[in-house]
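The basis for the numbers below is simple: all heavy atoms, side chains too, and nothing from hydrogens, waters or symmetry mates. Letters go in sequence order (proteins before strands), and every chain restarts at 1.
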Amino acid sequence: MKIVNLKVNGVGKAFIAKPETTLLLALREQLGLTGAKRGCAQGACGSCTVLLDGEPVVSCLVPAVTVDGSDVATVEGLADGDKLSHVQQAFLDGFATQCGFCTPGMIMSAEALLDRNPNPTRDEVAEAISGNVCRCTGYEPIISAVLDAAERARL
Amino acid sequence: MTLLYGRGYASVNYPTGMNLGGDPSQALIHATTMGGFVVSLSSVDLGQGLKTVVAQCAAETLGMPMENIIIDTADTDTGPHCMGTFASRGTHRVGNAVIMAAREARDVMLQVAGDELEVDAGDLETDGTGFVRLKGSPETKIHISDVALAAHFKQGRTISGRGIFLKERNYPVPETGEMDPDSCQAHACSVAEVEVDDETGVVTVLSLHNAYEIGRALNPAMATQQVEGGAWMGVSHAVFESTEPYYPASRDHGPIDFNEYLMPGPGEIPVQTSVILERPASNGPFGAKGIGEMTANAPIPAIANAIFDACGVRLTTMPFTPESILRGLDALRA
Ligand code: FES
Ligand code: FES
């Protein structure tokens, strides 16, 4: 057991973690942030994606005790009040979601892509979300939404 | 190595619902004190959008805004009966039940409003924004929140409605085999373009063009989403995923997770165009037929036909793996 300090969406948080507590579990069950989803719990579906010090990670494979002192960004921290991020708004406007289970992970992967590459090609978008499984949309609306978000950010 | 191009198409008829010992779904509606309408169902929304579509049906029938509708699919033990969301039956069966319940609730709502306004309920109409008003005299009106308050605290009445849609069991005519197993049938045609690599046997689906006749598209955005998301599943069944030959007999071998169970990712999706044709079904809710499952079906035979067109190999077992293509090519050369 160890006390872990994290900055989550800009706010300092502390919680007690067992060695086997994953970052995903800590976010969902100890910090009450249920945006990141537990799809497979083995790193294969991407629904638990969050940004760890700016890099997208599958939080189900990150032991919380190993990231003490890190900066974590989740889907809950993207909107500024009622104003959604470009990616969120583009997902909404482009209907890039059906059941919505993959959406938080998709959005975080997309945010990470646009942070490091504001002008991605279609193939780069497909590559960036290739670790995120979606069972509903067929991916096309998601790719279009990410390209749309990049466009909005340029305006 | 040569990349062989081929094109194929397939058409499907798809039944809405099924023919068990009768195929019912029930809905109950009641108004809250605030003028919300709770639609109680046992029908489960797995993410396909049933809640949205039946809320549309309730709102349209009640004449109330969508925001006033609360869909409660809480519990299959205690809720009104539903056979389930399968067989592409949800929108059709549940939608019809909700419309029936909403009609009954609307009648009570108009009676309560009529008593408050001291006019005949038959002379009232809804304006779609939350008011009940007198036909031809729109200033004589009352908001649903006041109607609901009056019903609860003044008149002592329950604004509620019951609905059930039952597709009765149907037996075949022994002499002819003729029967009516479903309520209506939706139709679709998909055209697939593929590329077959004659050295590796890999099939790439280049494009899918889909035309769907689904009665009425109650929510066009969701209907198109269902067509294209379903087509993705069709591509997946056709050239990627399989639990065969182990499932369901044994789970000791074969894929058990996303690492082993292959599905096309965002880099492997075909270009798609989709057209929705609306020919309302007389027994559908506002004319809708079921569209759920069929969207994964049409692409598969279309892809099989495109493979045949590309390289002459006729495959009848899914998925169409590189191995089966290469064995087929070998057989043709032999
Ligand atoms: S839950 Fe973490 S990758 Fe699936
Ligand atoms: S929207 Fe359902 S999994 Fe992506």
B/Glu60, CD: over 12 other non-hydrogen atoms inside 6.0 angstrom: no
When you look at CD of A/Glu20, are more than 12 heavy atoms from neighbouring residues, nucleotides or ligands closer to it than 6.0 Å? yes
Mind checking what makes side chain to side chain contact (heavy atoms under 4.5 Å, CB included) contact with B/Asn68, not counting sequence neighbours? B/Met64, B/Pro65, B/Ile144
Which atoms of B/Gln48 approach chain A - backbone, side chain, both or neither, heavy atom under 4.5 Å: both
Output the residues of residues 133-155 of chain A for which the shortest heavy-atom distance to chain B is under 4.5 Å, in residue-number order; output 'none' if no such residue exists. A/Val133, A/Cys134, A/Arg135, A/Cys136, A/Thr137, A/Gly138, A/Tyr139, A/Glu140, A/Pro141, A/Ile143
How far apart are the closest heavy atoms of A/Ala126 and B/Pro266, and which atoms are they? O-CG, 3.4 Å
Of B/Gln226, B/Met233, B/Met263, the largest count of non-hydrogen pairs under 4.5 angstrom with chain A goes to B/Met233
Please check if the number of heavy atoms outside B/Met66 that lie under 6.0 Å from its CE is greater than 12. yes
Closest non-hydrogen atoms of A/Phe95 and B/Met222, given as atom of the first, atom of the second and distance, are CZ-CG, 3.6 Å
With a 4.5 Å heavy-atom cut-off (strictly below), which parts of residues 37-54 of chain A touch chain B? List them by number. A/Cys40, A/Gln42, A/Ala44, A/Cys45
So does B/Glu268 have more than 12 non-hydrogen atoms from other groups sitting under 6.0 Å from CD? yes
Close approach to chain B in residues 96-108 of chain A, criterion heavy atom under 4.5 Å: A/Thr97, A/Gln98, A/Cys99
Hey, is CD1 on A/Ile16 packed in by over 12 heavy atoms from elsewhere, all under 6.0 Å? no
More than 12 heavy atoms of other residues, nucleotides or ligands under 6.0 Å from OH of B/Tyr9: yes or no? no
